[in-house]
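So the structure is just underneath, and the comments pick up after that.
Each chain gets a letter, A, B and so on, in the order its sequence line appears, and its residues count up from 1.
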Number of protein chains: 2
Amino acid sequence: MKKLTNITPLENLSLVDKVEMRLKEYFKENNLKIGDSIPKELEFAEALGVSRTVIREALLRLRTIGVIESKKRKGMVLTQPDIIQNFEKAIEYNLLGEQTLTDIFELRLILEMGMADLLFARKTKEDLEELDKIVTKQEKDNIHTSFFSLEHEITFHGKLYQMSNNTTLQRFQDLLLPVFNYVHNNMTPEAKDFKYSKGTFVTHRDLLNILKEGTPEAFREAMRNHLEPHFEKVLHVVKQ
Amino acid sequence: MKKLTNITPLENLSLVDKVEMRLKEYFKENNLKIGDSIPKELEFAEALGVSRTVIREALLRLRTIGVIESKKRKGMVLTQPDIIQNFEKAIEYNLLGEQTLTDIFELRLILEMGMADLLFARKTKEDLEELDKIVTKQEKDNIHTSFFSLEHEITFHGKLYQMSNNTTLQRFQDLLLPVFNYVHNNMTPEAKDFKYSKGTFVTHRDLLNILKEGTPEAFREAMRNHLEPHFEKVLHVVKQ
DNA sequence: TTTTGTATTATGTTATACATATAAAGATAT
DNA sequence: ATATCTTTATATGTATAACATAATACAAAA
């Protein structure tokens with residue numbers, strides 16, 4: 001049976017809660033689209049028989065999640081909500097629990113593993129050239145040291161996300177970065193100088209070469225190897 | 001006449017905007033954590049020299065994104081924001097543009113491809129048994145017809161997400177489902193009865209068997225095959 | 001015609017009063 | 001002394017009214 005997760009009991013709903021629901025109905029019933037303007041606060045207040053205060057609070061909620069925008073004198077219009085921005089706002093307050101943070105850390109690994117097909121389908125000559133420049137510079141930067149550079153990771157992998165040509169994914173990754181850093185910085189020292197299992201260590205150059213001439217399958221396996229230390233961290237810890 | 005290029009506009013922030021920023025600072029400065037309670041509305045109003053209404057609007061924003069909760073008489077306390085729920089709210093209004101929707105559709109494909117390692121690391125005997133039941137039932141349901149059943153897809157893949165043992169991912173998928181359905185329903189008829197390229201078609205049973213005795217690598221490739229019609233749709237369309 | 005002033009309007013902000021739920025204290029019974 | 005039942009104080013929730021502000025339309029002036 002389907003779980004009843006997002007249905008709230010009718011009882012202890014505030015007036016604002018009810019009004020918000022009515023507003024949502026109103027939008028649906030009238031099939032309002034992005035760009036449509038909605039009645040003014042006083043009209044809603046009168047129509048629903050509540051004070052302007054309550055209407056304002058309900059509308060403010062909608063504004064907070066980016067469903068409407070308001071302008072003086074002009075009124076309010078429906079807008080396309082920026083789902084990533086909502087995400088961002090919540091994260092800014094540094095109130096996410098440990099579990100959510102590691103969940104997000106895992107999510108990022110999943111994304112990197114899963115985006116291979118998109119990359120191969122959408123890579124352009126320019127992308128590969130730029131990626132080549134990035135890798136070349138990084139190789140110069142640490143000729144002798146093979147030590148893990150977070151900055152290099154971000155630059156290289158960031159470019160990959162960009163190549164996916166999926167704006168939402170890309171912005172999602174921007175958002176996940178701080179979380180990734182946080183979890184990474186909290187890694188145990190042992191985890192940081194992790195030794196790769198198969199001896200061979202897949203570098204950014206290797207990934208780039210596969211991206212140039214290889215296949216999505218090969219890229220996935222190479223990426224899996226490249227991310228091994230991170231996978232090690234999350235997969236070998238017992239989740240409670 | 002001289003152009004006014006490098007003159008920055010005066011900040012056009014509303015009072016509530018400013019107050020919200022001050023509140024965020026306040027939380028950071030005082031290093032407030034989940035569960036901590038914050039001063040009451042009137043105290044904030046007095047301290048910042050604005051009306052209670054403005055404070056309320058700023059606090060309401062925080063409440064909307066789930067950073068604080070309020071109770072009568074008790075006051076307000078910091079809470080862990082539910083990032084997925086924010087996402088959800090925005091989606092409920094059906095205002096996402098075509099581009100965002102297809103982005104999300106792609107995102108789901110990426111997730112399914114990328115979660116293999118988590119599945120193998122966290123699968124339990126019980127999970128596999130339950131998955132077996134699901135597959136067996138589905139095989140009975142359509143003995144002769146090999147026709148695409150959305151419901152079956154959801155049940156099977158939903159269980160996979162659940163097995164990932166990543167609550168955020170799981171809820172994320174619940175959220176993505178309606179979008180997935182929407183995009184799927186808008187598929188062209190040709191795309192719906194897509195013929196698999198390699199002749200062989202990876203069934204849920206195949207995926208299950210690999211999950212039981214195979215490797216993440218094998219699972220990924222099988223999943224790639226299983227999702228081929230969907231990938232076909234997104235990868236062979238020119239994005240603008 | 002272009003600029004500048006002016007009225008209008010819907011949101012933004014303030015102030016005040018009252019309603020409501022409820023935690024906490026106090027009273028009563030066991 | 002413990003438990004249960006009132007009372008009370010309090011912080012948020014709601015209502016009302018008034019004014020501020022910015023954006024628009026339109027008239028007046030140049």
Side-chain angles (χ1 to χ4, degrees), chain A residues 8-24 26-27 30 32 34-79 81, chain B residues 1-4 7-23 26-27 30 32 34-79 81:
Chain A
T8 43
L10 289 173
E11 302 314 319
N12 44 5
L13 284 181
S14 72
L15 242 186
V16 178
D17 289 329
K18 292 176 193 162
V19 167
E20 189 192 352
M21 291 168 66
R22 286 291 291 120
L23 287 179
K24 193 188 293 184
Y26 174 83
F27 295 150
N30 295 66
L32 295 186
I34 296 172
D36 292 346
S37 59
I38 60 177
K40 50 197 190 191
E41 295 175 342
L42 276 173
E43 288 174 351
F44 272 127
E46 199 174 354
L48 295 181
V50 296
S51 73
R52 190 179 154 216
T53 312
V54 169
I55 297 291
R56 270 186 74 78
E57 290 215 356
L59 289 173
L60 181 56
R61 288 188 188 176
L62 302 194
R63 240 184 324 166
T64 304
I65 61 176
V67 167
I68 61 177
E69 270 178 6
S70 63
K71 279 201 173 138
K72 282 182 181 168
R73 153 106 202 199
K74 197 179 177 186
M76 302 189 161
V77 295
L78 294 198
T79 57
Chain B
M1 182 179 63
K2 180 151 192 185
K3 278 254 198 78
L4 280 172
I7 185 167
T8 50
L10 297 177
E11 42 183 315
N12 195 15
L13 293 178
S14 73
L15 243 185
V16 178
D17 289 329
K18 292 176 193 163
V19 167
E20 190 192 352
M21 290 168 66
R22 286 290 293 118
L23 287 179
Y26 174 83
F27 294 150
N30 295 65
L32 295 186
I34 296 173
D36 292 346
S37 59
I38 61 179
K40 52 196 189 191
E41 293 175 346
L42 275 173
E43 287 174 351
F44 273 127
E46 199 173 356
L48 295 181
V50 295
S51 73
R52 188 182 153 213
T53 310
V54 170
I55 296 292
R56 268 186 74 79
E57 289 212 357
L59 289 172
L60 181 56
R61 289 188 187 176
L62 302 194
R63 238 182 328 163
T64 303
I65 62 176
V67 167
I68 60 177
E69 271 178 3
S70 63
K71 274 197 177 148
K72 282 181 180 168
R73 151 102 205 201
K74 195 179 179 187
M76 302 190 159
V77 296
L78 294 198
T79 57

> Should A:L62 and A:M76 be marked as a side-chain contact (heavy atoms from CB on, under 4.5 Å) after you check the CA-CA gap, both sets of side-chain angles, and the distance that decides it?
Replying inline: CA-CA 11 Å; A:L62 302 194; A:M76 302 189 161; over 6 Å; no
>> Could you go through A:M21 and A:L13, starting from their C-alpha distance and side-chain angles, then the distance that decides it, and tell me whether this counts as side-chain contact (heavy atoms from CB on, under 4.5 Å)?
In response: CA-CA 10 Å; A:M21 291 168 66; A:L13 284 181; 4.0 Å; yes
> Which is it for B:F44 and B:I38 under the side-chain contact (heavy atoms from CB on, under 4.5 Å) test, yes or no, and what are the steps along the way?
Replying inline: CA-CA 9 Å; B:F44 273 127; B:I38 61 179; 4.2 Å; yes
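Closest approach of B:L59 to B:I68, counting heavy atoms only: O-CD1, 3.5 Å. Of all heavy-atom pairs spanning A:S70 and A:R63, the tightest one is OG-NH1, 3.0 Å. Residues B:G66 and B:T79 approach most closely at O-OG1, 2.9 Å, considering heavy atoms.
When rounded to the nearest whole Å, the span between NZ of A:K74 and C1' of C:dG12 equals 17 Å. Atom pair A:E69:CD and C:dG12:P shows a separation of 11 Å (rounding to whole Å applied). Between the CG atom of A:L62 and the P atom of C:dT11 there is a distance of 13 Å, rounded to whole Å. Taking atom CG of residue A:L42 and atom C1' of nucleotide C:dG12, one finds them 13 Å apart after rounding to whole Å.
Each of B:D17, B:L23, B:V67 was compared with B:R61 under the side-chain contact (heavy atoms from CB on, under 4.5 Å) criterion, and only B:D17 meets it.
In A:K24, the NZ atom is crowded: over 12 heavy atoms of neighbouring residues, nucleotides or ligands sit closer than 6.0 Å.
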Quick one: which protein N/O atoms are closer than 3.5 Å to N/O atoms of nucleotides 3-8 of chain C? Pair and distance per line, please.
unit_1	atom_1	unit_2	atom_2	d
C:dT8	O2	A:R73	NH1	2.5

>> So if I define the base as every atom that isn't primed, P, OP1 or OP2, how would nucleotides 13-19 of chain D read as a B/S/- string at a heavy-atom cutoff under 4.0 Å?
In response: BBBB-B-
